[in-house]
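Nothing here was measured: the structure is a model prediction, and the numbers come from that model.
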Amino acid sequence: MKITIIGGGNIGTLLLGDLSTYRGVTLQLLTSKPEQWSHDIDVYDQGGKLEYSGHIDRISDRPEEIISNADLIISTVPSHIFPQIMEKIKAYIRPGTWLGVMPGSGGCEFICQDLLAKGCILFGFQRVHGIARIKEYGKSVYDLGKKKKLFIAAIPSHKTEDICAVLGDLLKIECRVLPNYLNVTLTPSNPILHTTRLYSMFHDYREGIYWEEPIGFYDEWTDEASRLLLACDQELQTLCGELKGLDLSGVRSLRQHYEAATPEQMTAKIRSIKAFKGIKTPMIKTESGYLPDYGSRYFLEDFPYGLCIIKSFAEVLKLKTPSIDQILHWYERIAGVCYYQGEHFNGRDTKSLPLPQNYGLNSLAAIISYYTV
């Protein structure tokens, strides 16, 4: 089996390290910086002890070399980069190829419609398989903790079981079948976790305010962020309840996921997670101090390719989402975009996003039909 990984960030590097320990596969990396990569990858534990090393067989920035021959492709690039990457490589992906996305939210199923029509199999992970931080770019990575179980959905859905069997073997992690791909699309992970935290930190920000140090994203989590997190999570659960006719049992509430029923319990839980320790808020250092980094992945990915997609499904069903609206109205102001026209989520800047309405999913029946393939 030839496996190509797209992207050499934190998760991509850890994934390469993990897959490279599996005998019998040819491991390939598509990266824009092949000259900065070593063929040997070292994986360290959180304390800096070498856990294992692996080997990458081929490294290239040319998709015709390592996409056209791949049996399995897994993309780890951010959601806002994914459409550009797919545009560059889709001509080289063969019919029947398994194309995975980690994580698989961000409207991937819409972006990959041409590939699905071509006979490719799309699958998405609900969440990344672990938490990682690059030690030395292109050479080594810290493994900060792996998931005990992974949840996967595919289009067409009857392929999910086969994919789970193969991925479970490759990653040595139990892989569970999700009923349909919408369970991946609506996962309340970063699209809610990151956006509510960013709002709570910066919604009152104005020019002239500086911080002496970058804010701890999770270490300094607040009850204000937890209250908004739980409110948005409840709006998502209401949406899932209204999508009658689809099994969305895999979209677990964050209350369940973190075992926290109140804002105070949520704050305590998030602050206590070992793998989250030391992660800083994306901020820019200036001579006067630190400022919010509106050009970071947290802003460019999790609002337009995360929370907007959840909001869009709610718009189709005519559901009220006051907490989600509160956050997205703030993002409109700081990003200079237009998502709303009056009370409706159909402003000019929604037209370029991978939202259900832009792909003909304008009713409950259309959504059910699309996700029961």
Between E315 and K318, does at least one N-O distance fall below 4.0 Å, as a salt bridge requires?
no
Using the ring of each side chain (for Trp, its six-membered ring), is Y205 parallel, tilted or perpendicular to W211, with breaks at 30° and 60°?
parallel
Can you tell me if Q46 and D143 form a side-chain donor-acceptor pair at under 3.5 Å?
no
Could you give me the CA-CA distance, side-chain angles and deciding distance for Y92 and I66, then say whether side-chain contact (heavy atoms from CB on, under 4.5 Å) is met?
CA-CA 9 Å; Y92 302 104; I66 58 173; over 6 Å; no
Would you call the rings of F299 and W330 parallel, tilted or perpendicular, taking 30° and 60° as the class edges?
tilted
State plainly whether the residues D219 and R271 are in salt-bridge range, i.e. N to O under 4.0 Å.
no
Residues in ring pair (Phe, Tyr, Trp, His ring centres under 6.0 Å) with F217, at least two apart?
H194, Y298
Closer than 4.0 angstrom, basic N to acidic O: yes or no for R94 and D71?
yes
Going by distance alone, is a donor N or O of one side chain under 3.5 Å from an acceptor N or O of the other, for Q326 and Y199?
yes
Only pairs under 3.5 Å count here: list side-chain donor-acceptor contacts from residues 226-233, not counting sequence neighbours, and write none if there are none.
from: S226; atom 1: OG; to: W221; atom 2: NE1; distance (Å): 2.9
from: S226; atom 1: OG; to: T222; atom 2: O; distance (Å): 3.4
from: S226; atom 1: OG; to: P263; atom 2: O; distance (Å): 3.3
from: S226; atom 1: OG; to: T267; atom 2: N; distance (Å): 3.3
from: S226; atom 1: OG; to: T267; atom 2: OG1; distance (Å): 2.7
from: D233; atom 1: OD1; to: L254; atom 2: N; distance (Å): 3.1
from: D233; atom 1: OD2; to: S253; atom 2: OG; distance (Å): 2.6
from: D233; atom 1: OD2; to: L254; atom 2: N; distance (Å): 3.1

Geometric cation-pi criterion, K135 with Y44: 6.0 Å, 45°:
yes
Indicate whether the side chain of H129 and that of D18 have a donor and an acceptor atom separated by less than 3.5 Å.
yes
On the ring face of Y137, is K33 found with NZ or CZ under 6.0 Å from the centre and within 45° of the axis?
yes
Please confirm whether the ring centroid of F345 lies under 6.0 Å from the ring centroid of Y340.
yes
